[in-house]
Chemist: 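Structure in structure tokens, see below.
We name chains A, B, ... by the order of the sequence lines, and we start the count at 1 in each one. Values below: every heavy atom of this structure, side chains too, minus hydrogens, waters and symmetry copies.
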Amino acid sequence: MEEKIKIRISPFQLTVLIILFTTGTTILVTPAGMTAETKQDAWLSSIIGMFLCLGYAYFLYKCGIAMGSKTYIQYLEKVYGRIVGKIIGMLYVFFAFIGTSTLLSYFGFFTTTQILTDTPIEILNILLVLLIIFAVRAGLEVIARTGELLITWFFFLLFALVIFLLPELKLEKLTPVFEASFSDHTKAIFNFVSFAGFPLILFLMFYPKSLNQPRQAKWNILIGSFIGTFTVTVITLLCILVLGASITAKQLYPSYVLAKSVSLFEIIERIESIMASVWVISIFFKSTIYFYTCVLGLAQILKVKWYRPLVFPLGVLACIFSTIVYPNIVYMQKWDSTYWPPYALIMGLIIPLITLIIDKVQNHFRSNNQSKGM
Amino acid sequence: MLKAIGVLFIFLLIAFFQVPQLIKTKLFRELWIFSFLLFFVAIITILRINNLFLPNPLEIVAFALDPLIRLFLPN
């Protein structure tokens with residue numbers, strides 16, 4: 001019954017979703033990981049990573065063209081055959097599921113350590129997961145429109161933060177410039193792209209199919225990725241300029257500490273809740289999109305006509321596993337720095353690239369055979 | 001025991017709202033998948049509430065990726 005009503009979002013809404021998805025966890029966490037590698041040169045690796053993300057967004061656009069009117073799961077089934085395609089599709093559902101649970105866990109850890117210190121973490125996870133379940137049950141269009149509504153607030157608050165921080169900037173914290181070695185830069189860039197770039201692969205689950213003008217989406221994807229990564233770059237630069245590289249690298253949530261250091265004429269002080277609200281907005285969208293793609297992917301693998309019955313059970317499952325995936329913050333940092341980048345690389349770049357090449361070769365042979373048969 | 005009954009009550013409540021919709025629209029395949037999934041999740045929830053062992057999915061990923069990482073980063 002629901003299938004007949006086509007889900008359509010506009011290219012602008014896609015841009016908004018990509019911006020919010022890219023800034024999601026990245027804005028709060030990656031400045032620390034990057035300054036740990038390249039010290040005060042992290043802004044440079046961030047800028048290089050920005051352009052790599054742009055290239056990756058172009059790659060996604062190319063994938064979208066190759067997929068045509070199919071979704072990603074159907075495309076995998078077409079290229080690899082039914083059974084292998086379904087298995088690889090399950091890997092993506094697993095990827096999205098892990099993303100949902102870890103983001104819930106991120107939210108819980110952040111709120112319990114920084115804001116609501118006496119609240120049990122399970123309660124916070126349940127609150128966010130209820131919100132996500134309602135949003136996903138309402139559908140992609142509702143998520144996209146909510147994004148349109150909140151993105152103005154998102155940028156207004158970020159802009160306010162940047163303005164308030166201007167008096168605190170100390171340019172000498174950038175010196176000595178260009179000190180980091182090539183391998184350090186490679187590590188930092190890899191870290192950046194794996195958080196801000198590769199998870200965008202999940203947009204392929206709905207991107208060309210549920211867009212009302214699929215042909216015009218090229219610049220929307222590129223601009224969305226550019227603005228998202230640019231925001232992260234600005235925050236990284238501010239972290240280095242205000243806090244300095246060594247303090248940034250030691251913090252768990254450096255941009256939150258950044259907001260704490262605002263003190264304007266002794267009137268505007270302690271505005272770190274601004275940063276928290278910015279981050280909660282973006283993490284809500286990031287986890288919603290992860291969860292939406294998880295449910296949608298599972299529904300397509302099982303060939304279910306209506307994805308809504310799957311939302312509640314999977315949501316509860318994600319909430320249960322959000323308390324298991326990261327037993328503590330040390331484990332979270334270790335896993336995120338060692339295993340997440342290669343995992344995201346494999347899921348985000350290597351599998352789609354191989355799929356695309358196999359598809360091109362298949363098409364080539366198919367057209368050759370046809371021309372011989374004529 | 002009491003917690004497990006509470007969990008079952010919540011899941012029955014979810015089923016109570018979802019199942020009539022599915023029957024009304026004659027989506028019986030979806031009904032089977034939904035029931036199986038709900039049953040599975042209920043078992044996992046009860047295991048979790050009683051603090052019994054549940055595998056960490058991140059450990060599975062780490063186990064699968066370890067040989068690859070050792071291949072490219074020998075130290």
Chemist: Establish, from distance only, whether the side-chain atoms of A:E77 and A:Q74 form a donor-acceptor pair under 3.5 Å.
Modeler: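 The criterion, which ignores hydrogens and geometry beyond distance, is not satisfied for A:Q74 and A:E77.
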Chemist: Could you check whether A:F206 and A:Y292 have their ring centres less than 6.0 Å apart?
Modeler: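 So the answer is yes for these two rings.
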Chemist: Would you mind telling me which of B:I49, B:I10, B:L65, B:L31 has the largest number of heavy-atom pairs within less than 4.5 Å of chain A?
Modeler: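 If we count pairs closer than 4.5 Å to chain A, B:L65 comes out on top.
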Chemist: To the closest 0.5 Å, what do you measure between CG (A:L356) and CD1 (A:I358)?
Modeler: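 Answer for the CG-CD1 pair, A:L356 versus A:I358, is 10.0 Å.
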Chemist: Whether the side chain of B:N50 engages the backbone of B:I46 through a donor-acceptor N/O pair (distance < 3.5 Å, no angle test) should be reported.
Modeler: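 Judged by distance alone, yes, a pair lies under 3.5 Å.
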Chemist: Is B:E30 paired with A:R308 through a side-chain N to carboxylate O contact shorter than 4.0 Å?
Modeler: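 No, no charged N to carboxylate O under 4.0 Å.
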Chemist: Would you mind reporting whether B:V19 and B:F34 have side-chain heavy atoms less than 4.5 Å apart?
Modeler: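 Yes, close enough: below the 4.5 Å cut-off.
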Chemist: Under 6.0 Å between the ring centres of B:F17 and A:F312?
Modeler: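 No: the rings miss the under 6.0 Å criterion.
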Chemist: What is the distance from atom NE2 of A:H185 to atom CE of A:M34, rounded to the nearest 0.5 Å?
Modeler: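 Reported to 0.5 Å precision, the distance equals 9.5 Å.
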Chemist: Taking only heavy atoms into account, what residues of residues 87-113 of chain A are found under 4.5 Å from chain B?
Modeler: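 So the qualifying residues are A:F94, A:I98, A:T102.
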Chemist: Is it the backbone or the side chain of A:F321 that comes under 4.5 Å from a heavy atom of chain B, or both, or neither?
Modeler: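 Contact with chain B is through the side chain of A:F321 alone.
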Chemist: What are the two closest heavy atoms between A:W340 and A:S194, and how far apart are they?
Modeler: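 Nearest pair, atom of A:W340 first, then A:S194: NE1-O, 3.1 Å.
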Chemist: At a heavy-atom distance under 4.5 Å, which candidate from B:V41, B:L58, B:I33, B:N56 has the highest pair count against chain A?
Modeler: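 So the answer, after comparing B:V41, B:L58, B:I33, B:N56, is B:L58.
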Chemist: So which residues of residues 329-337 of chain A are in contact with chain B at a heavy-atom cut-off of under 4.5 Å?
Modeler: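 Within residues 329-337 of chain A, the residues that come under 4.5 Å of chain B (heavy atoms only) are A:Y331, A:W335.
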Chemist: So, do A:K39 and A:T35 sit near enough that their side-chain heavy atoms are less than 4.5 Å apart?
Modeler: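 Counting from C-beta outward, A:K39 and A:T35 never come under 4.5 Å.
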Chemist: Name the option with the most non-hydrogen atom pairs under 4.5 Å to chain B; the candidates are A:T338, A:V325, A:L314, A:I346.
Modeler: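 Between A:T338, A:V325, A:L314, A:I346, the count favours A:V325.
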Chemist: If we ignore angles and hydrogens, is there a donor and acceptor under 3.5 Å between the side chains of A:S322 and A:N125?
Modeler: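 Indeed, the side chains of A:S322 and A:N125 share at least one donor-acceptor pair under 3.5 Å.
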